[in-house]
Amino acid sequence: MPKAKGKSRRHKYSYNLNRKRLYRSARRRAAPRIACSHIRHAWDPNKSVAQNLAEMGLAEDPNKAVPIPKKLLGMEEESDGQQPGKKIVRKPYVVNEMELEASLPEKKSNTLSRDLIDYVRYMIQNHGENYKEMARDEKNYYQDTPKQIKRKINVYKNFYPEEYKNFIASLKPEKMEVQ
């Protein structure tokens, strides 16, 4: 099949096109992408990044916000007895809301599949703590090794400690009836 005409031809460079102007105008239009909703709502697009962050009480450069003491660097610090000027924080609610959000406990999102829970319960119910027997069980479809099965049981213990304790407690009366 023949090639499409003009596709393999070299493209000519346009010397008359001002690429700097195109790049600068595109960059000016793009607003900064802000992930935190508290900062996004307090952001003033007419001010610079440094001015916005200073009004919120946040640091633009972490190296300047928390400087390394000169004693650690091996130089002695000469003090004139003057404190550096403090910046005025006009929007302190931003930092307060961020601290409040950070202090909330993190929601535990770890869960196991129902199949894995049923698998672990079946293995414990039929074999107890004998992992070699579990590995030879016919329900071990994925041919897990004894160590892999032990690891899955430990994961179940860590994710659902109360449910595991109740399950083990319910197994003990069954074993007494069998004997």
Side-chain angles (χ1 to χ4, degrees), residues 11 13-124 142 144 147-171:
H11 296 287
Y13 183 78
S14 177
Y15 289 97
N16 297 329
L17 186 63
N18 186 355
R19 287 174 179 75
K20 284 185 179 178
R21 192 182 81 230
L22 289 174
Y23 173 73
R24 208 177 303 133
S25 63
R27 200 177 74 195
R28 193 178 309 133
R29 276 182 265 137
R33 300 186 108 201
I34 302 169
C36 181
S37 63
H38 307 299
I39 295 174
R40 190 180 306 121
H41 293 300
W43 196 266
D44 186 3
N46 297 326
K47 294 182 180 174
S48 70
V49 174
Q51 289 171 337
N52 272 308
L53 292 176
E55 280 188 355
M56 293 178 214
L58 301 172
E60 178 191 9
D61 185 7
N63 295 323
K64 291 179 183 173
V66 184
I68 299 171
K70 301 227 181 206
K71 291 178 184 175
L72 293 177
L73 295 174
M75 293 183 257
E76 290 299 319
E77 187 175 325
E78 295 178 18
S79 59
D80 299 339
Q82 296 177 353
Q83 286 278 346
K86 294 239 176 185
K87 295 180 181 175
I88 299 170
V89 179
R90 295 190 178 135
K91 300 176 184 177
Y93 60 90
V94 175
V95 175
N96 296 338
E97 288 172 355
M98 289 172 68
E99 286 176 350
L100 181 70
E101 188 177 320
S103 68
L104 294 174
E106 191 174 324
K107 184 182 174 188
K108 207 173 188 181
S109 63
N110 296 336
T111 58
L112 297 176
S113 67
R114 191 75 237 162
D115 293 338
L116 183 62
I117 293 171
D118 293 340
Y119 171 76
V120 167
R121 288 176 143 233
Y122 169 81
M123 290 296 185
I124 294 172
Y142 296 110
D144 292 330
K147 278 191 172 183
Q148 288 173 324
I149 295 171
K150 185 177 183 179
R151 204 174 300 126
K152 286 181 180 181
I153 291 172
N154 287 335
V155 166
Y156 174 69
K157 285 180 188 177
N158 292 335
F159 279 25
Y160 304 104
E162 294 296 321
E163 189 178 317
Y164 177 75
K165 287 177 187 173
N166 295 337
F167 176 65
I168 295 298
S170 69
L171 287 179

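Quick caveat: nothing in here was measured; it's all calculated off a predicted structure.
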Inset, instruction - Tell me, yes or no, whether the heavy-atom count around K157 atom NZ, taken from other residues, nucleotides or ligands under 6.0 Å, exceeds 12. - result: yes
Legend entry - 4.5 Å side-chain heavy-atom contact, L58 and I39: yes
Inset, instruction - Working to the nearest 0.5 Å, report the span between CZ of R90 and CD of E55. - result: 5.0 Å
Inset, instruction - Look at the side chain of N52 and the backbone N and O of W43, then say whether any donor-acceptor pair between them is shorter than 3.5 Å. - result: no
Legend entry - With sequence neighbours excluded, residues passing side chain to side chain donor-acceptor pair (under 3.5 Å) with D144: Y119, K152
Legend entry - Any residue meeting side chain to side chain donor-acceptor pair (under 3.5 Å) with Y156, in chain and number order, not counting sequence neighbours: R121, E163
Inset, instruction - Drop me the distance from L104's CG to L100's CG, to the nearest 0.5 angstrom. - result: 5.5 Å
Inset, instruction - Quick one: closest heavy-atom pair of V94 and A42, and the distance? - result: CG2-CB, 3.5 Å
Legend entry - Rounded distance (nearest 0.5 Å) linking atom CZ of R151 with atom CD1 of I153: 12.0 Å
Inset, instruction - Output the distance between atom CZ (F159) and atom CG (L116), rounded to the nearest 0.5 Å. - result: 9.5 Å
Legend entry - Separation between CD1 of I149 and CD1 of I124, rounded to the nearest 0.5 Å: 11.0 Å
Legend entry - R40, CZ atom: more than 12 neighbouring heavy atoms under 6.0 Å: yes
Legend entry - Heavy-atom closest contact (M98 atom, C36 atom, distance): CG-SG, 4.0 Å
Inset, instruction - Please tell me if the side chains of V155 and N158 come closer than 4.5 Å, counting only heavy atoms from C-beta onward. - result: no
Inset, instruction - Write down the atom of L112, the atom of Y160, and the distance for their closest heavy-atom approach. - result: N-OH, 3.3 Å
Inset, instruction - Using the salt bridge (charged side-chain N to carboxylate O under 4.0 Å, His left out) rule, collect all pairs that involve residues 92-105, keeping only residues at least two apart or in two chains. - result: none
